[in-house]
Amino acid sequence: MKPYFSFQWHITDECDQRCKHCYIFSAGNHTCLQSMNWEQMESTFYNCLDFCEVYGRTPYFYITGGDPILHPDFWRLLELIHEHGVKFTILGNPFHLNDQVCRELKWYGCEKYQLSLDGLRKMHDWFRKPGSYDCTLEKIGCINRAGIRSVIMTTVSRTNRMEVPKIIDAVVKAGVNVFAFSRYVPSGGDLDASMTAQEYRELLAICDKKFKEYEAEGCETYFNKKDHLWTLYEYETGEFKIPENAQKGMIYGGCNCGNCHLTILPSGDVYACRRVAESKVGNVFEDRLADLWVTSMENYREYEKFSKCSKCKLLAWCRGCPAVARGTYGDFYANDPQCWADENGELFQDVDG
């Protein structure tokens, strides 16, 4: 068990955008935008602290929405978090940021502010909102000047995968502190998610080469290899080696679902993973999180059920993305569709062919 526990806390559905890959809006039928009231937010916060006290974990919050800054009690919540000395990250939009706002976020303890960039100008503004590409790059400076670490996250699908290398160039030029990407999880939108395993591996190889070139130049951007299939790629290239003292049955890395993470929605519903549509395990207004951890959450720690990963020597460090598997095949434990290892967890012999 890791020393920390992260809560991805959606305090509101309110948002300035209607992104094509958003879990809230992509299906086109979300008519009731929800937000927690103050009493619910306060109760949720202490429920999370209780969980961490029971299990000896250090709490960490990812405050998001929608755009959390639109919640009328956003700053009141930050004051409560600050009073308890808990660190947090904000996942939001760029539209309401300026130097003063960012300085206030820093004072309350904000460590990182994550923005999204899902293509170059034309592509990104098609995904999200006209003008948001330029606004996103501009607000990186506001975040950095306040002493908060700026993060850019890209959601990759077949639709935008060829623009990822140029996105890297754009964010490095803008001075972003951290860059990462994760894959699109099919959720009812109109994106083409049918990226093949070979196409995805080729993208990882291109990005890996670019990361190394920037690092050799002394670039200060940290390239976070967030997707767990990076482990497979680096095992293949020899950069990752299975530790000799690794214990059988232990989980050392890979997907955090059921390990050190859960999601709370504005309705109070608790999800093992926000990206897994049917992973609701309880409701924070009705249930004690510490109890859910040893009851409903157990269903996401049955590692022997993974149809391919359970046979793979990288089970304890990778497991791909069960959310992508669930979104593609309807089964959390199904094969990750972008994993290029064969059915026995071995590498294909022709990956470079």
Side-chain angles (χ1 to χ4, degrees), residues 6-19 22-27 29-51 59-116 128-132 135-136 138-140 142-143 145-151 153 262-271 274 280 282-287 289:
S6 60
F7 301 91
Q8 182 176 321
W9 186 1
H10 298 248
I11 62 175
T12 182
D13 288 336
E14 294 290 344
C15 190
D16 296 304
Q17 306 191 80
R18 298 292 184 269
C19 304
C22 176
Y23 303 105
I24 300 171
F25 300 106
S26 64
N29 58 4
H30 194 91
T31 57
C32 180
L33 300 180
Q34 295 183 289
S35 294
M36 286 190 181
N37 61 39
W38 173 247
E39 290 73 22
Q40 292 169 333
M41 292 167 71
E42 192 173 31
S43 170
T44 297
F45 177 73
Y46 286 114
N47 201 342
C48 293
L49 294 193
D50 170 70
F51 173 96
Y60 196 94
F61 288 98
Y62 290 87
I63 308 297
T64 186
D67 189 353
I69 204 168
L70 295 177
H71 194 291
D73 288 315
F74 172 73
W75 295 103
R76 189 178 182 185
L77 175 62
L78 297 198
E79 184 174 351
L80 178 64
I81 295 174
H82 175 72
E83 287 174 357
H84 287 79
V86 178
K87 300 298 183 180
F88 62 92
T89 289
I90 300 292
L91 315 181
N93 292 330
F95 311 117
H96 304 284
L97 298 181
N98 56 42
D99 286 330
Q100 178 60 33
V101 167
C102 290
R103 284 194 294 268
E104 291 182 21
L105 289 171
K106 175 65 175 180
W107 187 88
Y108 281 112
C110 181
E111 292 191 321
K112 294 176 287 186
Y113 196 107
Q114 179 176 303
L115 299 168
S116 296
R128 292 184 175 268
K129 179 181 179 179
S132 64
C135 186
T136 298
E138 175 191 348
K139 296 306 171 67
I140 289 173
C142 292
I143 297 168
R145 286 191 293 273
I148 299 171
R149 286 181 65 76
S150 57
V151 181
M153 173 64 72
L262 58 79
T263 297
I264 303 168
L265 300 189
S267 62
D269 287 342
V270 179
Y271 280 70
R274 180 65 182 95
K280 179 182 173 181
N283 187 284
V284 74
F285 306 147
E286 304 167 2
D287 301 306
L289 293 177

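Sequence positions, counted from 1, serve as the residue numbers for this chain.
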Can you tell me how far [atom2] of [Y] sits from [atom1] of [X], rounded to the nearest 0.5 angstrom?
X	Y	atom1	atom2	answer
Asn98	Lys139	CG	NZ	7.0 Å
Asp73	Asn37	CG	CG	8.5 Å
Ile148	Cys110	CD1	SG	4.0 Å
Tyr60	Lys87	OH	NZ	8.5 Å
Glu79	Glu83	CD	CD	5.0 Å
Thr64	Gln8	OG1	CD	6.5 Å

Which atoms form the tightest heavy-atom contact between [X] and [Y], and what is the distance?
X	Y	value
Ile81	Phe88	CG2-CD2, 3.7 Å
His84	Leu80	ND1-O, 3.1 Å
Cys48	Ile264	SG-CD1, 3.7 Å
Val101	Trp75	O-CH2, 3.9 Å
Pro68	Gly92	CD-CA, 4.2 Å
Phe61	Val86	CD1-CG1, 3.6 Å

Answer yes or no on whether Lys129 is positioned over the face of Phe95, meaning its NZ or CZ is under 6.0 Å from the six-membered ring centre and within 45° of the axis.
yes
Hits for ring-ring contact (aromatic ring centres under 6.0 Å, His included) against His96, two or more places apart or cross-chain, chain-then-number order -> none
Can you label the angle between the Tyr108 ring and the His82 ring as parallel, tilted or perpendicular, going by 30° and 60°?
perpendicular
Can you find a side-chain donor-acceptor pair between Tyr62 and Thr263 that sits under 3.5 Å?
no
Under a 3.5 Å distance rule, please check whether [X] uses its side chain to pair with a backbone N or O of [Y] as donor and acceptor.
X	Y	answer
Asp287	Leu289	no
Lys112	Thr89	no
His10	Gly65	yes
Lys106	Gly147	yes
Thr44	Gln40	yes
Ser35	Thr12	no
His71	Met36	yes
Asp50	Tyr46	no
Asp13	Gln34	yes

Counting C-beta onward and ignoring hydrogens, is there a side-chain heavy-atom pair between [X] and [Y] closer than 4.5 Å?
X	Y	result
Leu265	Val270	no
Asp16	Leu70	yes
Ile63	Ile11	yes
Leu262	Phe7	yes
Trp38	Leu77	yes
Arg103	Gln100	yes

List the residues meeting side chain to side chain donor-acceptor pair (under 3.5 Å) with Ser116, not counting sequence neighbours, and say none if there are none.
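Arg128.
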Can you sort out the partners of Asp99 under salt bridge (Lys or Arg N to Asp or Glu O under 4.0 Å), two or more places apart, ordered by chain and number?
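Once residues adjacent in sequence are excluded, the partners of Asp99 under the salt bridge (Lys or Arg N to Asp or Glu O under 4.0 Å) criterion are Arg145.
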